[in-house]
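Presented below is the structure to which this report refers.
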Amino acid sequence: MNWLGWLHDFLADPAHRSGPDSIVHRLLEHLAFSAEALGLSALVALPLGLLIGYSGRGLFLVTAVAGVARALPTLGLVTLAVLLAGVGDTAVLLPLTALAAPPMLVAAAEGVRGTDPDVRDAARGIGLTHPQTLLRVCVPAAAPTLLAGVRTASVQVIATATVAAYVGLGGLGRYVIDGLATRNYPTTVGGALLVVLLAVGVQLLFALLIRLAAPPGARSSPRTRARRTGGPSEDPATVPASPPALVKEVP
Amino acid sequence: MIRFEGAAKRHPDGTVAVRGLDLEVPAGRTTVLVGPSGCGKTTILRMVNRMVEPTAGRVLLDGTDVAALPAAGLRRGIGYVIQQAGLFPHRRVIDNVATVPRLLGWDRRRARARAAELLELVGLPPETARRYPAQLSGGQQQRVGVARALAADPPVLLMDEPFSAVDPLVRAGLQEELLRLQGELGKTVLFVTHDIEEAVRLGDRVVVLREHGEIAQLADPHTLLTAPADAGVAAFLGRDRGLRGLGLRPADSVPLTGLDPAPTPDLDLGRRIPYGGWELALDPSGRPEHWTRGAERHPVPVFVPSRDSLRAALDAALLAPSGHAVAVDAEGRAVGTASRAAVVEALAAANGTGTGAPTPEQVPHAGR
């Protein structure tokens, strides 16, 4: 039997149409759980990252956290949490939250740090307070970077939540793990495909959001703009049209 | 009025940016700080709005030590323009300009109305309002920067090399615009530049600085150019002081060619006077409207012989597509024209021996 046949069997199974093991239910479970982990993580990582990026203090912390996070074995962390806290959703929520934090922390810090220093200087110089400068100038300027961080975190959490079915979590991972356990390959394949589709869908959603977050005209890189600034005037409004008043009366 | 009393800035690593400055910046006039890079001029400027806190001495604004005022509130009452404009990239031009009025608690409608007024004041077309900064040219961004600084009508304007990043032709336009604005508004302007020509052109008073913010000379432009305080200042002014001095010599030595035929003020329609390929269009009252050639139309650079400088006449001749500067009377009516050659001849005469007199080929943007 080929995998298309397996997929057909998976979708045709009445248990996957309605009830607690239905695709819709599992999908919502998966989304709710991932969103919860992401939300908790964002609540801690984003403000911390913004402050670190704005103040420039504690950047070493961000680098360290990012490095450690890359080396963390996902499954190991989930298993460890269950061993320590016992089987249950809360026990799995913690490692997922911990996994989502580093990409968001790094993105928030780097995004704010990357704000054009002239723009920050001007913001302060015309009378914005520090919180106003951060929230009204740096955060909007950092929005694309920030969203990219949230996207990375989301995809990571969605993927890891699948593996977490191994320790009893619901969601789409149930199909994969249970299918494997009972040698029910149609279920495994169907579950895997759904997870992939979900991850790709989330990626696309963020790609769209990031596009929307970039201000119009900013798609030309700063370098192109600098060249335009130095080039000859293409702007009739800046060519002197009024009578030259080039000299001042000397008192 | 701004007064520096022994204002000094020493960095934590011990290097001295400004050793101790005593300076009065009179109200309603333009004071230009000029000097080589690293002379502390930007630090001095930034002491006024507390972007830099002096480590000794103090800065008084209308008699009040700025250190005693809350920084954000102080800054909202002082216009601030920097080299790269520093516009907020995610906000439309109109909202960039409306920033300070909004901070001061104006409602959105009033702030935007004020911003629209300012865009007009700095010579930007109304459709610019809805654009984003990245969609504008460098010169336009600087105009928006100036509009933003003026939005809350602050009595004091700090300008830190605002025109250094734009090309020379646009810069000349912006400088002119600033002179016009300053003529209308009479702000207390403190302007920083490393370009002595810009300093002489814009300043009522020019402060030439050397290292550590020490004043080498404080004078009006004429005195500065004609009587540099010492060899250092003279060297900074440069060898082509003759050309810069043009800004201070009257343009009435330029020989004018009469308009042909002689103006007839009672004509209803304007007139067109041919100048080799180009035509000078005059309106019914005899004021120049534009240079035309086929469908092409260009503004007419003009000068007033009795009032303007040789420099203005030279600029007008160089900027005119036809190569002819149009002389106008105080009412703006054309009274004659001067070719580039005629202006250059007048320059040579004014410079005595004629050495250093520029020919159009030596001047950037000499055009056709």
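Only heavy atoms go into these numbers, but all of them, side chains included; no hydrogens, no water, no symmetry mates. Just so it is clear: chains get the letters A, B, ... in the order the sequence lines come, proteins before strands, and each one is counted from 1.
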Query - Region of A:A213 in contact with chain B, defined by heavy-atom distances below 4.5 Å - result: neither
Query raised in the report: Got B:R46 and A:D121 here, is their nearest side-chain heavy-atom distance under 4.5 Å?
Result: yes
Query raised in the report: With chain A, which of B:R131, B:R91, B:R92, B:M51 has the greatest number of heavy-atom pairs at distances under 4.5 Å?
Result: B:M51
Query - side chain to side chain donor-acceptor pair (under 3.5 Å) against B:E120, all qualifying residues, sequence neighbours excluded - result: none
Query - Interchain contact, B:A152 with chain A, by part (heavy-atom threshold 4.5 Å) - result: neither
Query raised in the report: So do the side chains of A:Q132 and B:L103 get within less than 4.5 Å of each other, counting heavy atoms only?
Result: yes
Query - Expected output: side-chain B:H90 to main-chain A:R136 donor-acceptor under 3.5 Å - result: yes
Query raised in the report: What pairs with B:R297 under side chain to side chain donor-acceptor pair (under 3.5 Å), at least two apart in sequence or on another chain?
Result: B:H290
Query raised in the report: Any side-chain heavy-atom pair from A:V119 and B:P89 closer than 4.5 angstrom?
Result: yes
Report summary line: Applying a strict 4.5 Å limit to non-hydrogen atoms, the region of B:T99 in contact with chain A is side chain
Report task. Quick one: closest heavy-atom pair of B:G86 and A:A122, and the distance? Result -> O-CB, 3.4 Å
Report task. Might you point out which heavy atoms bring B:N49 and A:G125 nearest each other, and give the distance in Å? Result -> ND2-O, 3.7 Å
Query raised in the report: Of the non-hydrogen atoms in B:F88 and A:I126, which two are nearest, and what is the gap between them?
Result: CZ-CD1, 4.1 Å
**Report entry** CZ on A:R124 to CZ on B:R75, rounded to 0.5 Å
**Finding:** 4.5 Å
Report task. Could you tell me which of B:R148, B:R171, B:Q175 has the largest number of non-hydrogen atom pairs under 4.5 Å with chain A? Result -> B:R148
Query raised in the report: Under a 4.5 Å cut-off applied to non-hydrogen side-chain atoms, are A:D118 and B:Q83 in contact?
Result: no
Query raised in the report: At their closest point, which heavy atom of B:R76 faces which heavy atom of A:T129, and how far apart are they?
Result: NH2-CG2, 4.0 Å
**Report entry** Interchain contact, B:I82 with chain A, by part (heavy-atom threshold 4.5 Å)
**Finding:** side chain
